[in-house]
Amino acid sequence: MNKSTLLGALTIAGFAAGAAAAGTLDDVKARGTLNCGVTTGLVGFAAPDANGEWKGFDVAVCRAVAAAVLGDPTAVEFVPTTGKTRFTALASGEIDMLARNTTWTFSRDVDLKFTFVGVNYYDGQGFMVPKALGVSSAKELDGATVCIQTGTTTELNLADFFRANNISYEPVPIETNAEGQQQYLAGACDTYTTDASGLASTRATFENPTDHVLLPEIISKEPLGPLVRHGDDEWADVVRWTLNALITAEELGVTSANVNEMAANTTNPEVARLLGTEGTLGEMLGLDAEWSKRAIAAEGNYGEVFAKNIGEETPIGLARGLNAQWTNGGLVYSPPFR
């Protein structure tokens, strides 16, 4: 780590320690609004619609937390962040949580002093190329120009992959996905590389999506999920268990449509604990008994959120794959509500 990187890490860690000491849950309640960091725009994950209303898979996590804590899924101030600005925004207290295609890594967790509260999308880095390029494998990209977002794990994985395969590339640095898309479509780079889900999202917005192919190689593990500052365990618990509530709700068959009926009539003890009709889980979090009912009602359970924003029936067209429930051969799994 060079001197400037070390100073940057120390600054972020110092910010985080100061901001966490304040008690984020109390701050959010007092403010009446959740400040949630999102991407600058990735359709299906986080982007404003035609009316300027933020929608997407990551946005739904912010809304679920706002519903749990404040009783209102619309009480969210969305703060767009880039690969470079996202960590300073969280560490400085400008945002309360980051729900933005961000990969959980050792150094971000330990060195930058953040707490990743779970994984809401298991991903991996891929490559998109124009069909006309005639390339069928990333290993055929020797000498290619590559659009790459700076300040990301993508940048590091790219260097590792090309070095391991003894091939060269020329990076075309970009700040945001919108810029990457623009440069790629303008022919400034032969290939665009980022998380495979991001490529699917980007391609879905093209005028002629079928003119572009995603190459078969997935060159990394990218567990994406929400994160908060180190040192504020009470707030981390709220965000973690809100995400877990959405995951558990899908597993137990609780949906946005039936959540009230299930709360009133269930004979399943875990459903009763999840929905607050039995036990004191809400109280343990510093919330009321119906926190998770509101979180689930906001945008639906994990499966509903997935299907509505990025699933196979949407233009993004992502299969559940690794993001299926553990009961269906995927990796999505919540610790028990007890």
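Keep in mind that the numbers below use all heavy atoms, side chains included, and drop hydrogens, waters and symmetry copies.
- Sorted by first then second residue, the ring pair (Phe, Tyr, Trp, His ring centres under 6.0 Å) pairs that include residues 236-288, not counting sequence neighbours, are W241-F337.
- Residues in residues 174-184 take part in these salt bridge (charged side-chain N to carboxylate O under 4.0 Å, His left out) pairs, two or more places apart or across chains: K84-E175.
- Using modelled atom types, no side-chain atom of N101 and backbone atom of D58 make a donor-acceptor pair closer than 3.5 Å.
- A donor atom on one side chain and an acceptor atom on the other are not found under 3.5 Å apart for E155 and T150.
- Side chains of D232 and E234 form a contact here, defined as non-hydrogen atoms less than 4.5 Å apart.
- Remark: T85 OG1 to L90 CG distance equals 11.0 Å, nearest 0.5 Å.
- Distance check, rounded to the nearest 0.5 Å: CG of L98 to CZ of F87 gives 7.0 Å.
- For K221, the NZ atom is loosely surrounded, since the number of other residues' heavy atoms within 6.0 Å does not exceed 12.
- Listed for the T81 side chain is a donor-acceptor partner under 3.5 Å among the backbone atoms of V38.
- A donor and an acceptor atom, one from each side chain of D190 and T145, are located under 3.5 Å apart.
- The two residues A249 and I296 come nearest to each other via the heavy atoms CB-CD1, 3.7 Å.
- To the nearest 0.5 Å, atoms CG (L158) and CZ (F127) are separated by 5.5 Å.
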Side-chain atoms of residues 327-334: list all donor-acceptor pairs with protein atoms under 3.5 Å, sequence neighbours left out, distances to 0.1 Å.
from: S334; atom 1: OG; to: T248; atom 2: OG1; distance (Å): 3.0

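- Side chain of N268 to main chain of V271: a donor-acceptor pair is present (N/O by atom type, distance under 3.5 Å, no hydrogens or angles).
- Distance CH2/W54 to CG/D49: 10.5 Å, rounded to 0.5 Å.
- Residues N301 and S256 bring no donor and acceptor atom of their side chains to less than 3.5 Å of each other.
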From CA spacing to verdict: salt bridge (charged side-chain N to carboxylate O under 4.0 Å, His left out), K29, D26: CA-CA 5 Å; K29 285 178 175 177; D26 291 341; 5.3 Å; no
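- Taking all atoms of both residues into account, the shortest heavy-atom contact from P335 to N244 is CD-ND2, 3.8 Å.
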Check against side chain to side chain contact (heavy atoms under 4.5 Å, CB included), F45 and N120: CA-CA 11 Å; F45 284 87; N120 72 331; over 6 Å; no
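- Listed by first and then second residue, the ring pair (Phe, Tyr, Trp, His ring centres under 6.0 Å) pairs that reach into residues 306-325 are F57-F306, sequence neighbours excluded.
- Panel note: side chain R86, backbone G83; a donor-acceptor pair is recorded below 3.5 Å.
- Here the rule is side chain to side chain donor-acceptor pair (under 3.5 Å) with Q125, and of D195, T194, T193 only T193 fits it.
- When the side chains of ILVMFWY residues are joined at heavy-atom separations under 4.5 Å, either directly or via intervening members, L199 and Y122 end up in two distinct hydrophobic clusters.
- Linking ILVMFWY residues whenever their side-chain heavy atoms come closer than 4.5 Å, directly or via other members, leaves Y184 and L133 in distinct clusters.
- Note that the CG atom of D233 and the CG atom of L25 stand 12.5 Å from one another [nearest 0.5 Å].
- Judged as a salt bridge (charged side-chain N to carboxylate O under 4.0 Å, His left out), the pairs with a partner in residues 312-323 (not counting sequence neighbours) are, in order, E250-R320.
- Nearest heavy-atom pair across V28 and V69 is CG1-CG1, 4.1 Å.
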Should D142 and S168 be marked as a side chain to side chain donor-acceptor pair (under 3.5 Å) after you check the CA-CA gap, both sets of side-chain angles, and the distance that decides it? CA-CA 5 Å; D142 192 13; S168 66; 3.2 Å; yes
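- Side-chain atoms of T255 come within 3.5 Å of backbone N or O of A257 as a donor-acceptor pair.
- K131 approaches T210 most closely through the heavy-atom pair NZ-O, 2.9 Å.
- Side-chain heavy atoms closer than 4.5 Å link hydrophobic residues (I, L, V, M, F, W, Y) into clusters, and following such links, even through other members, never connects V213 to M128.
- In terms of modelled atom types and a separation under 3.5 Å, the side chain of D288 and the main chain of W291 share a donor-acceptor contact.
- Contact annotation: the side chain of F78 approaches that of V59 to within less than 4.5 Å [non-hydrogen atoms, C-beta and beyond].
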Take S197 and I310, measure what side chain to side chain contact (heavy atoms under 4.5 Å, CB included) needs, and give me the verdict at the end. CA-CA 9 Å; S197 65; I310 57 176; over 6 Å; no
Applying side chain to side chain contact (heavy atoms under 4.5 Å, CB included) to T191 and C147, what does each step give before you reach the verdict? CA-CA 6 Å; T191 180; C147 281; over 6 Å; no
For residues 274-287, dump all side-chain donor-acceptor pairs below 3.5 Å to protein atoms at least two apart in sequence or in another chain.
from: T277; atom 1: OG1; to: A272; atom 2: O; distance (Å): 3.3

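- Using a 4.5 Å heavy-atom cutoff, the side chains of V119 and W104 are in contact.
- Residues H212 and Y192 keep their aromatic ring centres 6.0 Å or farther apart.
- With hydrogens and angles left out, the side-chain atoms of E222 and N157 include a donor and acceptor closer than 3.5 Å.
- Heavy atoms of other residues, nucleotides or ligands lying less than 6.0 angstrom from CZ of R31 number more than 12.
- Minimum heavy-atom separation, P315 to A204: O-CB, 3.4 Å.
- Using a 4.5 Å heavy-atom threshold, the side chains of Y302 and E251 count as separate.
- Using a 4.5 Å cut-off between side-chain heavy atoms of Ile, Leu, Val, Met, Phe, Trp and Tyr, with links allowed through other members, V238 and L246 fall into the same hydrophobic cluster.
- I219 CD1 to K139 NZ: the interatomic distance, rounded to the nearest 0.5 Å, is 11.0 Å.
- Checking side-chain atoms of E299 against main-chain N and O of A60 turns up no donor-acceptor pair under 3.5 Å.
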Could you walk me through whether T102 and R108 satisfy the side chain to side chain contact (heavy atoms under 4.5 Å, CB included) test, starting with their C-alpha distance in whole Å, then the side-chain angles of each, then the deciding distance to 0.1 Å, before giving a yes or no? CA-CA 10 Å; T102 294; R108 289 171 177 179; 3.8 Å; yes
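- Taking 4.5 Å as the limit, every side-chain heavy atom of V259 sits out of range of all side-chain heavy atoms of E290.
- Judged purely by atom type and a 3.5 angstrom limit, H230 has no side-chain atom pairing as donor or acceptor with the backbone of V110.
- For the pair E270 and P336, the minimum side-chain heavy-atom distance is below 4.5 Å.
- At least one side-chain heavy atom of L141 sits under 4.5 Å from a side-chain heavy atom of L215.
- Residues L318 and I247 fall within the same hydrophobic cluster, defined by Ile, Leu, Val, Met, Phe, Trp and Tyr side chains chained together at heavy-atom separations under 4.5 Å.
- In terms of heavy-atom proximity, V43 sits nearest to I316 at O-CD1, 3.5 Å.
- Looking at C36 and I95, their side chains never come closer than 4.5 Å, going by heavy atoms from C-beta outward.
- Looking only at distances, a side-chain donor or acceptor of W235 sits under 3.5 Å from a matching main-chain atom of D96.
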